[in-house]
Amino acid sequence: MILTLAFRNLFHDRIRLAVTLIGILFSIVLVAVQLGLYLGSSRMITAMIERANGELWVTAYGAKSFEDGGVLLTPRERHAALATPGVKAVIPMIVAFAEWRKPSGGSTRVVVVGTDAEDKGLEPWSLVQGDWEDIKAPDAIAVDNTYLRELDIAGVGDTAQIATGRVRVRALTHGIRSFTQSPYVFTPLNRARQLIGVDGDKTTFFLVQLEPGADVEAVRADLKSRLEGADVLTKPEFRDRSLTQWLFRTGAGVALIGGALLGILVGTVIVAQTLYSSTKDHLNEFATLRALGSTSGYIHKVILAQAGMSAVIGYILGMLISLTVLFMSRSSPLPLVMTPGLAGALFALTLSMCAISAVSAIVKVTKIDPATVFNR
Amino acid sequence: MTSTPSLEADNIVKELGRGAGKVMALKGVSLVLNPGELTLLMGPSGSGKTTLLSIMGCILTQTSGDIRVAGQSTKGMRAEELAALRRTHIGYIFQSYNLFPTLNALENVRIALDVIGQKGYAASQRAEEVLHEVGLGHRLKNYPGNLSGGEQQRVAVARAIASSPSVVLADEPTAALDSENGHAVMELLARIAREQKRSVLAVTHDPRTLGYADRVVRIEDGLIVGEERRPDGLDAPRVTDLTKRRKAHG
């Protein structure tokens, strides 16, 4: 009967129910979009690091992110790393911003990622046209097909210029997007050095692959002692450092999380207000229940059931809208991401939000004097 | 009557308000309800009828004095303990019926059973049974909005007796009803008292109800000022009998 009464109370006033659901829905969509953007951004920022085939990263001291490593490491550091026990391979990698001159005039910034295929350190994934062999050609590059318009090219075979070097698109990837909105350009290591004008054999990172069974922490400590002026980071450390740089030092992540918190707050207030007013409207019925001898717990359950039902309906509607927004954002510069974990967290959040909203109504109902049933 | 009282009010005092606005609603009232009796509590407005009913029903607490339900004193009991007493021993009928507008007749009775922990098919069966008992077997699925005042009050009576309480307290049960429905409800209450051996106390100032009473208790200005009992074996017309008796004594 608790569920029946809660259901009937909820659906008795359709307008109030609509207001409640709009409050929850607004909250869910706002939180889903904000956290979806946060997750999408995080994935973009860390995609290269996650895809790299190595346990440790050697970076210039203080390198803030994958795109911001500078080109400062020399063969001396590489040799020192290679001489470290437990190290199987040390793969050099160039990552640097460069100027992309559009064929029809104007320019845009790109991030040149230079690494050799045979090293198997970091390969462009999601290749939809051409392959890694095609990129080995002297002027060859691979770009993502979602940036073709921005780069002012039509596809494979088109040419452009990076800094002073001419390049030809030989392969296309799909979905390798950049948080900085500067498209990634994949090319072999030496070609990358030429394009960005690096002297000698300097590199941005060394990706360190370990011998099977080697202790990551021990090797790292050894590498640190051998490589003065360089940082030796594990994959999670480098990932966190990049996230901190782009999401928190720039304030983007704070804005996204702030938006999500605002959504939760607004949703809670709206649900609390409508639940309170619903409880107030049904106060005489709750007083009757109390007069009939119900425990206060029984009445609290009715209110919580009302809140729970609102949460479930609001969540389903909110998720439908959120998934539609997510679908529409697929080809946008910053696609939203929804994971089962986030969906679960949103459901838990909705339930908690509605439970918290029920507190004011419960406080109100706790103060009911059953004697009011005689005053009607 | 020699049977054990279902409910006893012993020297009940109730003060309402504070300071200069303090009013003594009850000034030492004692009343005993016995099984199988329909007692009417009559008196003018403001005499303390409803206050006494609320206190005897463990809804309102007295300033002093004691209420004993089935011999158990309620002194010092907390709100939840009083609620437990209410759901075990007392059924209520209110002037404005106090039905749940979003529940149908059957559900309105079922909720009273749900409160005492009776659920599922057995509860539905019991609810249906009492609704048949009050003559509403054909209106089980009707919502209060679709029932007449008399029918709504009969649903309230069914709700009050569904859990088989030993005491049924009714606050002005006929006040909102026309003559025909008023008589029907009083007949029902009298039947509940006599056939089911429950104590029924009805607060009323409706003279139409007199004929159904086994006892009439008069309250004025917070004090019991008189009590009349129908002589054993006396039957209808009850109104006339009691009135004649009052005149004879008066």
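Fair warning: this is a prediction, and the values are worked out from it, not measured in the lab. Throughout, protein chains are lettered first and strands after them, A, B, ... in sequence-line order, and every chain is numbered starting at 1.
For A:Lys235, the NZ atom counts as densely surrounded, since its 6.0 Å shell holds more than 12 non-hydrogen atoms of other residues, nucleotides or ligands. Taking a 6.0 Å sphere around CZ of A:Phe11, one finds it holds more than 12 heavy atoms contributed by other residues, nucleotides or ligands. Residue B:Asp221 qualifies as open at atom CG: its count of foreign heavy atoms under 6.0 Å is 12 or below. Heavy-atom contacts from other residues, nucleotides or ligands closer than 6.0 Å to CZ of B:Arg126 number more than 12. In A:Phe7, the CZ atom is not crowded: 12 or fewer heavy atoms of neighbouring residues, nucleotides or ligands sit closer than 6.0 Å. Annotation: B:His132, atom NE2; neighbour count of heavy atoms from other residues, nucleotides and ligands within 6.0 Å is above 12. Annotation: B:Glu220, atom CD; neighbour count of heavy atoms from other residues, nucleotides and ligands within 6.0 Å does not exceed 12.
Atoms CZ and NE2, from B:Phe100 and A:His12 in turn, are 12.5 Å apart once rounded to the nearest 0.5 Å. One distance of note links CG of A:Leu10 with OG1 of B:Thr102; it measures 11.0 Å at 0.5 Å rounding. B:Arg110 contributes atom CZ, which lies 12.0 Å from atom CG of A:Leu5 (distance to the nearest 0.5 angstrom). Atoms OG and CZ, on A:Ser294 and B:Arg87 in that order, are 7.5 Å from each other to the nearest 0.5 Å. Once rounded to the nearest 0.5 Å, the distance linking CG of B:Leu99 with CD of A:Glu285 reads 10.0 Å.
Of the candidates B:Val115, B:Asp114, B:Ile111, B:Asp114 is the only one forming a side chain to side chain contact (heavy atoms under 4.5 Å, CB included) with A:Ile2.
Using a distance-only test at 3.5 Å, with no hydrogens or angles considered, a donor-acceptor pair links the side chain of B:Arg86 to the main chain of A:Arg290.
The two atoms that bring B:Asn104 and A:Arg8 nearest to each other are N-NH1, 4.3 Å, heavy atoms only.
Of all the listed residues (B:Gly57, B:Pro101, B:Ala84, B:Ala112), the one sharing the greatest number of non-hydrogen pairs under 4.5 Å with chain A is B:Pro101.
No side-chain N or O of A:Thr4 forms a donor-acceptor pair with one of B:Glu107 less than 3.5 Å apart.
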Exercise for the section: Evaluate the side chain to side chain donor-acceptor pair (under 3.5 Å) criterion for residues B:Glu80 and A:Ser296: first the C-alpha distance (whole Å), next the side-chain angles of each, then the deciding distance (0.1 Å), finally the verdict. Expected result: CA-CA 8 Å; B:Glu80 290 301 326; A:Ser296 43; 2.7 Å; yes

